[in-house]
Structure formats: structure tokens, C-alpha cells
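Note: hydrogens, waters and symmetry copies are ignored here, and every other heavy atom, side chains too, is used. Labels below follow one simple rule: chain letters A, B, ... track the order of the sequence lines, proteins then strands, and each chain is numbered from 1.
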Number of protein chains: 2
Amino acid sequence: MFSKACEYAIKAAIFITSSSEEGERVSLIQIAKEIDSPEAYTAKVLQKLTKNNIVNSIKGPSGGFEIKPKSANKIKLSQIVTAIDGDSIYNGCALGFGKCNDQKPCPVHFQFIGIRNDLKALLQTTTLKTLSQDIHNGITFLKQ
Amino acid sequence: MFSKACEYAIKAAIFITSSSEEGERVSLIQIAKEIDSPEAYTAKVLQKLTKNNIVNSIKGPSGGFEIKPKSANKIKLSQIVTAIDGDSIYNGCALGFGKCNDQKPCPVHFQFIGIRNDLKALLQTTTLKTLSQDIHNGITFLKQ
DNA sequence: ATTATTTCGGACATTTTTGTCCTTTATTAA
DNA sequence: TTAATAAAGGACAAAAATGTCCGAAATAAT
Ligand code: FES
Ligand code: FES
């Protein structure tokens with residue numbers, strides 16, 4: 001469904017949101033530990049999130065990553081997914097046609113558009129804030 | 001969503017079904033041409049389908065691949081997917097946890113189980129026969 | 001029997017994804 | 001100013017997925 005990079009991105013963004021709610025910037029090292037991901041690779045992922053203005057990065061001592069609570073409200077999962085994995089989840093075809101296309105649909109097109117639309121809706125409505133609250137309330141977890 | 005190998009497998013199986021309805025065995029070369037896939041790689045995929053008793057292969061002149069119309073009725077998409085991609089689509093976690101787990105769910109677990117269940121249902125109810133009929137009726141296509 | 005055809009299967013090659021290492025740049029604090 | 005800290009980013013490495021090549025095995029027709 002998502003690439004590893006995207007999985008790390010989502011988990012990292014949730015952790016950063018969650019820490020920022022408590023006024024704490026977090027470092028790469030903390031993030032990688034918390035979401036159980038390889039440090040250097042996670043760094044690359046975070047750079048992409050930074051360039052896409054999803055997270056804010058601050059260099060130097062007492063620096064780190066943060067996401068203002070104000071914007072955590074507005075950031076949807078879909079923004080993270082497209083930043084890392086591109087828009088294949090939106091325009092791609094389940095059977096690998098260049099683009100999903102109503103005019104010349106692949107064999108599973110009509111079965112899949114329903115599910116894909118549900119997925120789109122989910123990604124476009126779920127915010128980082130929501131996900132971070134679930135973590136805070138102990139109903140979901142960042143690692144197993 | 002699916003691996004390339006699985007995409008080829010699904011398309012190949014549909015084409016074989018469709019040809020078998022008309023009493024025609026098809027060769028690897030015909031299949032690869034029809035579904036627009038690399039020949040040798042498609043051969044590997046077909047070998048897996050053969051070992052999983054999803055398609056029937058006959059060596060030698062006038063040999064090729066076939067799927068008895070009788071069984072095309074019973075073969076579900078899910079069988080092909082699990083034969084090629086394993087059961088990650090059923091047990092895997094959207095964010096890469098070892099297994100999806102209600103007791104220690106990942107941050108998107110509750111959002112995704114609905115969609116995954118829909119996907120499961122779809123794969124478990126869609127038969128090769130149905131898909132091959134759509135091809136036959138010209139409402140779906142094997143290549144773009 | 002011989003030959004031609006077609007799948008099987010092992011070995012290898014390429015590409016993509018994932019992961020690592022190390023230097024540079026920015027920033028803070030002493 | 002200097003030293004310490006932390007992200008940025010380039011280069012490289014490993015692993016996985018995808019793709020190719022070629023000979024072996026089975027089968028049918030001649
Ligand atoms: S054409 Fe394949 S999913 Fe739409
Ligand atoms: S635990 Fe991640 S999808 Fe269920």
C-alpha cells in the first residue's frame with residue numbers, strides 16, 4: 001500500500017505532532033527510536049517532509065523537528081502520502097496501466113474505484129491532530 | 001497495491017480463462033503479447049499459478065495454458081493474489097507492523113480496517129469468470 | 001526414432017527501494 | 001570566537017523486485 005519511506009513519514013509526523021502539542025521539539029535520534037526506524041533513512045524522509053512544509057526543522061543545539069499544533073489540525077494524511085509516494089495512489093491503476101482511465105478500464109477497474117474512493121476520502125479527511133490524539137489517549141501505538 | 005508479478009498474474013489468468021471459454025489453449029508468447037508483459041518474467045509467474053493449480057499447463061506442440069471453464073467459476077481473485085503476493089494484504093499492517101493487531105494497533109489501524117475488509121470481500125467474491133466476461137463484452141481491457 | 005514445439009527451471013543482470021556513512025552548513029551556548 | 005549540537009545532503013552499499021538468457025524436460029507430429 002505505502003512504501004516503507006511513507007510508513008516512516010506518517011509515523012514520524014504523528015510523533016512530531018504529538019511532541020509539539022507538549023511544546024517539545026524532537027531530534028532525528030528521538031524520532032527514529034520512537035518509531036523504530038533506521039536513523040539515516042528516516043533523515044531523508046524528514047528532509048522531504050520539511051521541503052514540503054509539512055514539518056518544520058531547526059538546526060543547531062536545541063533544534064529538531066516540530067509541527068505547530070495550529071497546523072497539525074490542517075495537515076491531512078494525503079499530504080504526507082503524496083509528498084513521499086507521489087500521486088500513484090490517486091491516479092494509478094490497480095493493474096499497472098499508465099493511468100486509471102474510465103474510457104479504457106482495466107479488468108478490475110469497476111470493482112476497485114469504490115475502494116479507492118474510500119481510501120482517498122480517508123486520506124483527505126484524517127488529520128495529524130486526530131492521529132496524535134489517539135496516540136496520546138493510548139488507543140494506538142507507534143511501534144509494536 | 002499489488003506487485004508487478006501479481007498484476008501480470010491477474011491479467012494472464014483472465015486472458016487464459018477467456019481463451020479457454022472458446023476452447024483455445026494459449027502459449028506464453030500469446031499471453032505476453034496480449035497483456036503487454038515481459039515474456040520470461042511472465043513465464044515465472046505462470047509457473048507459480050500452475051503450481052497453485054490455478055492454471056493448467058501442457059507442454060509440447062499444441063500445448064499451452066488453459067483454465068477449465070468449470071473451474072473459472074470457482075477461482076477467486078484472492079487465490080491469485082495470495083499465490084503470488086502472499087497474505088500480506090490480509091494480515092499485513094498499513095504502517096509496517098509485523099502483523100495487523102487489534103490489541104496493539106498502529107495509528108491508522110481503525111481507519112484502515114474498514115477499507116481492508118472491503119478489499120478482502122472484493123477479492124474473495126470476484127471470480128475469473130466474471131472478469132473474463134467483462135473482457136468478452138468489451139467493457140474492460142487487458143492493455144491500454 | 002527424430003524433430004519441432006512448448007513449458008520448466010536455474011543462473012544471471014538490471015533497476016528500484018531501502019539503508020548507511022560521512023562531510024557540510026546552520027545555530028546555539030559558553 | 002570557539003566549541004558543541006543538530007539537520008542537510010551527497011556518495012555509496014545492500015537488499016528486493018523485476019527482467020533476461022539459456023539449456024533441460026516433456027510431448028506431439030512426422
Ligand atoms: S483502469 Fe485499472 S483501476 Fe482504473
Ligand atoms: S495494526 Fe496497522 S493496520 Fe492494523
Side-chain angles (χ1 to χ4, degrees), chain A residues 1-13 15-16 19-20 24-67 81 83-86 88 92 95-96, chain B residues 1-13 15-16 19-20 24-33 35-67 81 83-86 88-89 92 95-96:
Chain A
M1 171 128 320
F2 305 124
S3 67
K4 278 282 165 205
C6 192
E7 291 176 4
Y8 298 149
I10 293 171
K11 290 187 271 195
F15 176 55
I16 296 167
S19 298
S20 291
E24 297 286 336
R25 265 176 211 159
V26 283
S27 71
L28 169 61
I29 296 175
Q30 289 177 287
I31 295 170
K33 200 164 286 175
E34 188 71 16
I35 72 174
D36 192 23
S37 67
E39 220 176 278
Y41 193 65
T42 307
K44 305 292 183 190
V45 171
L46 286 168
Q47 281 173 39
K48 273 200 183 174
L49 292 183
T50 302
K51 282 187 184 155
N52 282 270
N53 298 308
I54 292 167
V55 314
N56 200 238
S57 77
I58 298 96
K59 284 185 183 172
S62 86
F65 296 90
E66 63 180 20
I67 296 177
V81 172
I84 307 293
D85 281 350
S88 64
L95 295 189
Chain B
M1 171 127 328
F2 304 125
S3 67
K4 279 280 165 206
C6 192
E7 291 176 4
Y8 298 149
I10 293 171
K11 290 187 270 195
F15 176 55
I16 296 168
S19 299
S20 291
E24 298 285 337
R25 263 175 214 160
V26 282
S27 71
L28 169 62
I29 295 175
Q30 289 177 286
I31 295 170
K33 201 163 286 173
I35 71 174
D36 193 23
S37 67
E39 220 175 278
Y41 194 65
T42 307
K44 305 291 185 191
V45 171
L46 287 168
Q47 282 172 39
K48 272 199 184 177
L49 292 183
T50 301
K51 282 188 184 155
N52 282 270
N53 298 308
I54 291 165
V55 314
N56 200 238
S57 78
I58 298 97
K59 284 183 183 174
S62 85
F65 296 89
E66 63 181 20
I67 295 178
V81 173
I84 307 296
D85 281 351
S88 65
I89 210 163
L95 294 189

Kindly say if [X] contacts the phosphate of [N], meaning a side-chain N or O under 4.0 Å from OP1 or OP2.
| X | N | answer |
| --- | --- | --- |
| Lys44(B) | dA17(D) | no |
| Ser57(B) | dC8(C) | yes |
| Lys51(B) | dG9(C) | yes |
| Tyr8(B) | dT18(D) | no |

Practice task
With side chain to side chain contact (heavy atoms under 4.5 Å, CB included) as the test, would you mind laying out the steps for Ile58(B) and Phe65(B) before giving the verdict?
Solution key: CA-CA 6 Å; Ile58(B) 298 97; Phe65(B) 296 89; over 6 Å; no

Identify which nucleotide among [options] has an atom closest to any side-chain atom of [X], counting heavy atoms from C-beta outward.
| X | options | result |
| --- | --- | --- |
| Ser27(A) | dC8(C), dA7(D), dC21(D) | dA7(D) |
| Lys4(A) | dT18(C), dA7(D), dC21(D) | dT18(C) |
| Ser3(B) | dA8(D), dT18(D), dT7(C) | dT18(D) |
| Gln47(A) | dG9(D), dC8(C), dT18(C) | dG9(D) |
| Lys59(B) | dT28(C), dG19(D), dT27(D) | dT27(D) |

Once you round it to whole Å, what is the distance between [atom2] of [N] and [atom1] of [X]?
| X | N | atom1 | atom2 | value |
| --- | --- | --- | --- | --- |
| Ile31(A) | dA8(D) | CD1 | P | 10 Å |
| Tyr41(B) | dC21(D) | OH | P | 16 Å |
| Ile29(A) | dA6(D) | CD1 | P | 7 Å |
| Leu28(B) | dT20(D) | CG | P | 12 Å |
| Asn56(B) | dT7(C) | CG | P | 12 Å |
| Glu7(A) | dT17(C) | CD | P | 14 Å |
| Phe65(B) | dA26(D) | CZ | C1' | 13 Å |
| Ile16(B) | dT6(C) | CD1 | C1' | 14 Å |

Problem - Student check: side-chain heavy atoms of Ile84(A) and Val45(A) closer than 4.5 Å - result: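 Yes, close enough: below the 4.5 Å cut-off.
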
Problem - Validation row: Ile31(B), Ile16(B) side chains within 4.5 angstrom (heavy atoms) - result: yes

Practice task
Please test Leu28(B) against Leu46(B) for side chain to side chain contact (heavy atoms under 4.5 Å, CB included), starting from the C-alpha separation and ending with a verdict.
Solution key: CA-CA 8 Å; Leu28(B) 169 62; Leu46(B) 287 168; 3.9 Å; yes

Practice task
Describe the nucleic acid contact of Leu46(A) in one word from base, sugar-phosphate, nothing, applying a heavy-atom distance below 4.0 Å.
Solution key: nothing

Exercise for the section: Remember a base hit wins even if backbone is also touched, and classify Ile58(B) as base, sugar-phosphate or nothing at under 4.0 Å, heavy atoms. Expected result: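 Sugar-phosphate contact only.
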
Exercise for the section: For Thr42(A) and for Pro61(A), locate the closest nucleotide of DNA chain C by heavy-atom distance; then report the residue assigned to the nucleotide nearer the 5' terminus. Expected result: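 Mapping each residue to its closest nucleotide by heavy atoms, the 5'-most match is Thr42(A).
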
Completion exercise
In short, Asp85(A) meets Ser3(A) closest at the heavy-atom pair OD1-OG, 2.6 Å

